[in-house]
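Quick note on labels: first sequence line is chain A, next is B, and so on, each numbered from 1.
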Protein chains: 2
Amino acid sequence: MGDGPPPQMGQSLLFLTDEQLRKGIEAMFFAYRGFTADPDRILAEKSYGRAHHRAIHFIHRSPGTTVNNLLSILGVTKQSLNRVLRTLIEDGLVESTVGTRDKRERHLQLTAEGAGLERALSDAQRDRMRAAYRAAGPAAVAGFRQVLEAMMDDETRHHYEAMKEKVE
Amino acid sequence: MGDGPPPQMGQSLLFLTDEQLRKGIEAMFFAYRGFTADPDRILAEKSYGRAHHRAIHFIHRSPGTTVNNLLSILGVTKQSLNRVLRTLIEDGLVESTVGTRDKRERHLQLTAEGAGLERALSDAQRDRMRAAYRAAGPAAVAGFRQVLEAMMDDETRHHYEAMKEKVE
DNA sequence: CTTGGAAAGTCAATAAAGCTGACGTATTGT
DNA sequence: ACAATACGTCAGCTTTATTGACTTTCCAAG
């Protein structure tokens with residue numbers, strides 16, 4: 001592409017050519033499609049969308065989280081989240097309970113049925129992730145995570161880091 | 001989370017726990033947001049969306065590609081692509097020329113102005129990708145690509161592989 | 001040379017998912 | 001008492017996608 005690197009440039013610098021970067025960009029684009037394909041199929045059957053999936057995922061991850069918290073993690077407006085949340089509550093997948101310490105807050109958690117859907121969704125996604133991990137091996141997985149973390153916005157990384165230490 | 005792995009399990013198998021997989025899933029979600037953030041800002045100024053970006057990217061990558069080809073790469077319907085393509089042609093960013101061998105086909109290419117926008121968009125995205133690559137190092141980048149490729153759908157990987165050998 | 005089908009473009013209707021702005025209610029904390 | 005917070009909701013809008021139906025142009029096989 002355009003001006004290639006001078007021939008004497010070593011492998012350690014060569015990996016940052018525009019071509020390498022373009023391939024990384026396309027890999028990201030195509031892989032993300034694979035990443036969402038399986039859950040999307042399940043969601044389509046129940047006529048939910050990705051927005052529902054995201055809400056379910058993060059409620060599962062942090063049971064009892066508040067609406068505001070979810071809002072900042074998902075980076076959407078209150079109105080957008082509310083439309084999704086309302087259908088999930090109506091359908092009996094999510095439960096909203098008034099806060100004890102602060103009664104203005106609503107604590108969100110999955111019902112048994114909601115947890116069931118979460119399982120189905122994350123099983124599908126985990127299967128693909130597991131297969132990719134197995135195919136690539138532990139060293140590749142470490143690199144994968146390193147690059148992804150470096151790619152996040154500072155603010156976004158904050159949400160990610162917050163959960164990293166929860167279990168490990 | 002739930003049932004952890006037995007304590008005697010070694011590091012080489014331990015990396016496939018549900019927790020590790022969940023972190024991979026979230027890393028993917030958050031990183032993709034970072035990945036699209038910079039181009040999205042530029043596109044918003046010109047009131048274009050991601051669909052325009054994708055069309056511009058792949059027309060740049062494969063100048064002279066046909067509408068049908070683009071359709072299969074992007075995985076959208078003809079109508080969706082056509083709306084995007086029409087505005088890009090009207091705005092003078094993309095040129096559509098009747099095929100010489102088969103006059104039913106239209107060959108798409110970027111105009112000088114279109115190439116300019118492509119530059120701006122991919123520069124922004126490359127900058128972030130470059131920074132992430134630098135931070136993580138060549139070994140991590142190799143792993144990153146390996147996992148992403150393993151995560152693609154078979155059909156999708158086909159489109160990706162088709163371009164891999166074009167330059168290198 | 002006719003005809004079937006492919007490539008492209010278009011019209012209309014619909015839906016998911018986001019946005020802004022404005023308001024109301026309950027509750028908390030100063 | 002009063003300002004601020006957390007939540008919910010109403011209305012209206014935009015983007016991006018969908019499906020279905022249809023036309024024009026054109027290639028190629030019978």
*If you take atom types as modelled and just measure distance, does the side chain of B:Arg83 reach the base of D:dA17 with a donor-acceptor pair under 3.5 Å?*
yes
*Can you check the B:Arg101 CZ to C:dA6 P distance for me, whole Å?*
16 Å
*asked:* Would you say A:Ser80 places a side-chain N or O within less than 4.0 Å of OP1 or OP2 belonging to C:dA17?
replied: no
_Here's a test of your reading of the structure: between B:Asn69 and A:Thr100, which maps to the more 5' nucleotide of DNA chain C?_
B:Asn69
*Per the side chain to side chain contact (heavy atoms under 4.5 Å, CB included) rule, which among B:Leu117, B:Ile56, B:Leu88, B:Leu93 passes with B:Leu110?*
B:Ile56
*Output yes when at least one side-chain N/O atom of B:Arg86 is less than 4.0 Å from OP1 or OP2 of C:dC11, else no.*
yes
*Step by step, work out the side chain to side chain contact (heavy atoms under 4.5 Å, CB included) result for A:Leu148 and B:Phe35.*
CA-CA 9 Å; A:Leu148 287 189; B:Phe35 173 70; over 6 Å; no
*With sugar-phosphate meaning primed atoms plus P, OP1 and OP2, does A:His107 contact a base, only sugar-phosphate, or nothing at under 4.0 Å between heavy atoms?*
nothing
*Rounding to a whole Å, what distance do you find between A:Tyr48:OH and C:dA15:P?*
17 Å
*To the side chain of A:Asn82, which of D:dG8, C:dT27, C:dT10 is closest?*
D:dG8
_Parallel, tilted or perpendicular, as decided by the 30° and 60° cut-offs, for the rings of B:His57 and B:His53_ = perpendicular
*The side chain of A:Arg54 lies closest to which of these nucleotides: C:dA17, C:dA7, C:dG9?*
C:dA17
*Within the pair B:Asn68 and C:dA8, is there a side-chain N or O less than 4.0 Å away from OP1 or OP2?*
yes
*Rounded to whole angstroms, how far apart are CG on B:Leu71 and P on D:dT18?*
9 Å
*Rounded to whole angstroms, how far apart are CZ on A:Arg50 and P on D:dT15?*
20 Å
*Below 4.0 Å: OP1/OP2 of C:dA17 and any side-chain N or O of A:His52*: yes
*Can you find a donor-acceptor pair, distance only, under 3.5 Å between B:Gln79 side chain and D:dG20 base?*
yes
_N/O (side chain, B:Thr77) to phosphate O (OP1/OP2, D:dT18) under 4.0 Å_ = yes
*Would you please classify the geometry between the B:Phe29 ring and the A:Phe58 ring as parallel, tilted or perpendicular, with 30° and 60° separating the classes?*
tilted
_Between the base of D:dT25 and the side chain of B:Arg104, is there a donor and acceptor pair under 3.5 angstrom?_
no
*B:Lys103 has an atom NZ; how far is it from atom P of D:dA28, in whole Å?*
12 Å
*asked:* With a 4.0 Å cut-off on N to O distance, would you call A:Arg128 and B:Asp153 a salt bridge?
replied: yes
*Rounded to whole angstrom units, what separation is found between the NZ atom of B:Lys78 and the P atom of D:dT18?*
13 Å
*Atom CG of A:Leu74 to atom P of C:dC19: distance rounded to whole Å?*
10 Å
_Given D:dA17, D:dT9, C:dA17, the nucleotide with the shortest approach to the side chain of B:Ala51_ = D:dA17
*What integer distance in Å separates A:Ile89:CD1 from D:dG8:C1'?*
10 Å
*Heavy-atom distance under 4.5 Å between the side chains of B:Gln125 and B:Asp38, does that happen here?*
no
*Position toward the 5' end of DNA chain C (nearest nucleotide), A:Gly75 or A:Ser47*: A:Ser47
